[in-house]
K.L.:
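Following this message is one structure expressed as structure tokens.
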Amino acid sequence: ALNEEEALQRTLPELGRGLQLQDSVIVVDGGSVDRTVEVARSCSARVVSAPRGRGRQMNEGAKAATDADALLFLHADTLLPEEALDGVRKALANNSVLGGCFQLRFLEQESSLALRFWAWC
């Protein structure tokens with residue numbers, strides 16, 4: 001995350017509704033100057049700092065998840081479908097599943113031809 005105070009105020013509570021006791025949320029901050037860190041902590045996320053950059057931050061988050069059986073990476077402004085975490089758990093219970101993804105959809109998608117095309121790809 002980098003200056004994602006507003007996005008995290010929406011994303012983390014939504015994500016929290018699908019969490020189970022053994023789940024944890026790690027927010028990797030790339031040097032925010034807003035309240036990103038405070039918002040993440042107020043939503044019970046563990047905050048890790050890393051040099052700015054998507055790959056660096058994802059790597060640091062993965063390193064911090066030392067006791068995780070699986071990792072789910074989300075952007076700060078990403079909202080998962082309502083039953084997404086249950087779907088992930090079900091997929092992970094199947095030994096033939098190696099990975100997965102969700103279909104991309106934008107809130108502004110209906111009003112933008114470019115976003116509709118991006119989500120279609």
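Scope of the values below: all heavy atoms of this structure, side chains included, with no hydrogens, waters or symmetry mates.
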K.L.:
Mind listing the closest non-hydrogen atom pair of Leu71 and Ala62 along with its distance?
P.N.:
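For Leu71 and Ala62, the tightest heavy-atom pair comes out as CD1-CB, 3.8 Å.
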K.L.:
Look at the side chain of Thr36 and the backbone N and O of Leu2, then say whether any donor-acceptor pair between them is shorter than 3.5 Å.
P.N.:
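Flag not set: sc Thr36 to bb Leu2 has no pair under 3.5 Å.
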K.L.:
If two hydrophobic side chains count as joined below 4.5 Å and joins carry through other members, does Leu92 share a cluster with Leu15?
P.N.:
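Yes.
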K.L.:
If two hydrophobic side chains count as joined below 4.5 Å and joins carry through other members, does Leu80 share a cluster with Met58?
P.N.:
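Different clusters: Leu80 never reaches Met58 through Ile, Leu, Val, Met, Phe, Trp or Tyr contacts under 4.5 Å.
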K.L.:
Looking at every heavy atom in both Ala64 and Arg46, which two are closest together, and how far apart are they?
P.N.:
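So the two residues come closest at O-NH1, 2.8 Å.
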K.L.:
Please determine whether side-chain contact (heavy atoms from CB on, under 4.5 Å) holds for the pair Leu72 and Leu85, giving the CA-CA distance in whole Å, both sets of side-chain angles, and the decisive distance to 0.1 Å.
P.N.:
CA-CA 9 Å; Leu72 174 64; Leu85 295 179; 3.6 Å; yes
K.L.:
Group every Ile, Leu, Val, Met, Phe, Trp and Tyr by side-chain heavy-atom contacts under 4.5 Å, then state whether Val88 and Leu79 land in the same group.
P.N.:
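Different clusters.
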K.L.:
Quick one: side-chain hydrogen bond (donor to acceptor under 3.5 Å, both in side chains) pairs with a partner in residues 60-84, sequence neighbours left out?
P.N.:
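Non-adjacent pairs meeting side-chain hydrogen bond (donor to acceptor under 3.5 Å, both in side chains): Glu60-Lys63.
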K.L.:
Sorted by first residue and then second, give each salt bridge (Lys or Arg N to Asp or Glu O under 4.0 Å) pair with at least one member in residues 32-43; sequence neighbours left out.
P.N.:
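Salt bridge (Lys or Arg N to Asp or Glu O under 4.0 Å) check on residues 32-43 returns Glu5-Arg35.
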K.L.:
Do you know the tightest heavy-atom contact between Ala1 and Ser32?
P.N.:
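Of all heavy-atom pairs spanning Ala1 and Ser32, the closest is O-OG, 3.9 Å.
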K.L.:
Identify the heavy atoms of Gln57 and Gly30 that sit nearest to each other, and give their distance.
P.N.:
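Scanning both residues completely, I find the closest heavy atoms to be NE2-N, 3.3 Å.
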K.L.:
State whether the number of non-hydrogen atoms from other residues, nucleotides or ligands found under 6.0 Å of Glu14 atom CD is greater than 12.
P.N.:
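Counting neighbours around CD of Glu14, more than 12 heavy atoms of other residues, nucleotides or ligands fall under 6.0 Å, so yes.
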K.L.:
Here's a test for you: under side chain to side chain contact (heavy atoms under 4.5 Å, CB included), which of Leu8, Thr11, Val47, Val27 qualifies with Val39?
P.N.:
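Output: one option passes, namely Leu8.
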K.L.:
Are any side-chain N or O atoms of Arg89 and backbone N or O atoms of Ala84, one a donor and one an acceptor, separated by less than 3.5 Å?
P.N.:
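Pair absent, no side-chain N/O of Arg89 close to backbone of Ala84.
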K.L.:
Are any side-chain N or O atoms of Asp23 and backbone N or O atoms of Gln20, one a donor and one an acceptor, separated by less than 3.5 Å?
P.N.:
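Yes; judged by distance alone, with no hydrogens or angles, the pair exists.
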K.L.:
Ignoring hydrogens, what is the shortest heavy-atom contact between Leu12 and Ala40? Give both atom names and the distance.
P.N.:
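Shortest heavy-atom separation between Leu12 and Ala40 comes out as CD1-CA, 3.7 Å.
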K.L.:
Has the side chain of Ser49 got a donor or acceptor atom that lies under 3.5 Å from a matching backbone atom of Asp29?
P.N.:
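Not confirmed, Ser49 side chain does not pair with Asp29 backbone.
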